[in-house]
Amino acid sequence: MKRILVLGAGGQIGTELVPHLQNLYGKDNVIGADLKDALVEKLRENGIGEKVDATDAQAVADLVKKYKADAIFNLVALLSATGEKNPQLAWNINMGALLNSLNIAKEFGCAVFTPSSIGAFGNSTPHDMTPQDTIMRPSTIYGVCKVTGELLSDYYFTRFGVDTRSVRFPGIISNGQLPGGGTTDYAVEVFYEIIKPGHHYTCEVPHDSYMDMMYMPDALNAVTQLMEADPSRLKHRNSFNIASMSFTPEILFDAIKKRIPDATFDYNVDPVKAAIADSWPNMMDDSCAREEWDWCPKWGMDAVIDDMLAACRRKAGME
Ligand code: SER
């Protein structure tokens, strides 16, 4: 992997994955591409930024040719809660960008990374220590796209030899670009809200819904570690369970309250998010990732809370 095209580079993961890749591979070897002008401008402030609609196969192929990219990281996605508002659009965007990435990779000999998610699982999946290989019958269009994406990516590997690799991301906690339209977003939003005067947060996810979560630095390392892994060790490809911590809103909020004693929380549960959260694993078993490419997360909940509070306060000009 020498020159990487990142599609959806202006999103929650992309804005932090691009600098991470620049550090590892050099600024000239990372091409950040996004649909939105403002996000492309931001990418250009610190490296190469291109405007592209990832569902436009020709436009993506032109970028691969122009930069001689040998890897495509496809981060384009409409998330779970937003997807339920417009399933057709979610399918078109999520599958369009992935199919283009796979076909272009096949033509130009690129590797492909595209994230899967805890959203690939459903009600009939074992919820505790969810195995790597298990029942996958998701109830959201987002999950349907993720399972399809996993199968397609494996198919392009076995049928055409495209070097596809992927992880099932938990909810990702970060302090760069905000996530949008996800069921796990509460675990990011709460930090931005709770430092404001009033110190109050209203949560749309039920107090007792366990979901896997991960801090962005671990998520970034997972991507590059997997893509650099020795292929002869990989028994799986699309996609690996990766886990680092799992908590409920109540557990997270109690721990925040220890740091901000006058913080208050209440719940205005969104039934769509509640049903989605309920259908997802409580905690995944990530032993295959640990065995096959030495996955080893560094961040746990308490360290994440301290770091997020400090970062959000800095951003708000409070420190
Ligand atoms: N963070 C995503 C969501 O909540 C899950 O991968 O939709």
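Each ligand, and each atom within it, is numbered from 1 in the order the structure gives.
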To check your reading of the model: name the closest protein heavy atom to [atom], its residue, and the distance in Å.
atom	answer
atom 1 (N) of ligand 1	T184 OG1, 2.8 Å
atom 4 (O) of ligand 1	T183 N, 2.6 Å
atom 6 (O) of ligand 1	S117 OG, 2.6 Å

(request) Please tell me if the side chains of F191 and I305 come closer than 4.5 Å, counting only heavy atoms from C-beta onward. (result) yes
(request) Give a yes or no on whether the ring-centroid distance for Y210 and W280 is below 6.0 angstrom. (result) no
(request) Run the ring-centre check on Y201 versus F265 and record whether the distance is less than 6.0 Å. (result) no
(message) Does either side chain, that of Y215 or that of K298, offer a donor lying less than 3.5 Å from an acceptor on the other one?
(response) no
(message) With a 3.5 Å distance limit and no angle check, can you tell me whether Q132 reaches the backbone of N241 through a side-chain donor-acceptor pair?
(response) yes
(request) Please answer whether the main-chain N or O of T164 pairs with a side-chain N or O of S153 as donor and acceptor at a distance below 3.5 Å. (result) no
Numbering the atoms of ligand 1 from 1, which are under 4.0 Å from a heavy atom of [X]?
X	result
Y142	2 (C), 5 (C), 6 (O), 7 (O)
L79	7 (O)
S80	3 (C), 4 (O), 7 (O)

(request) Indicate, as side chain, backbone, both or neither, the part of W280 found under 4.0 angstrom from ligand 1 when only non-hydrogen atoms are considered. (result) side chain
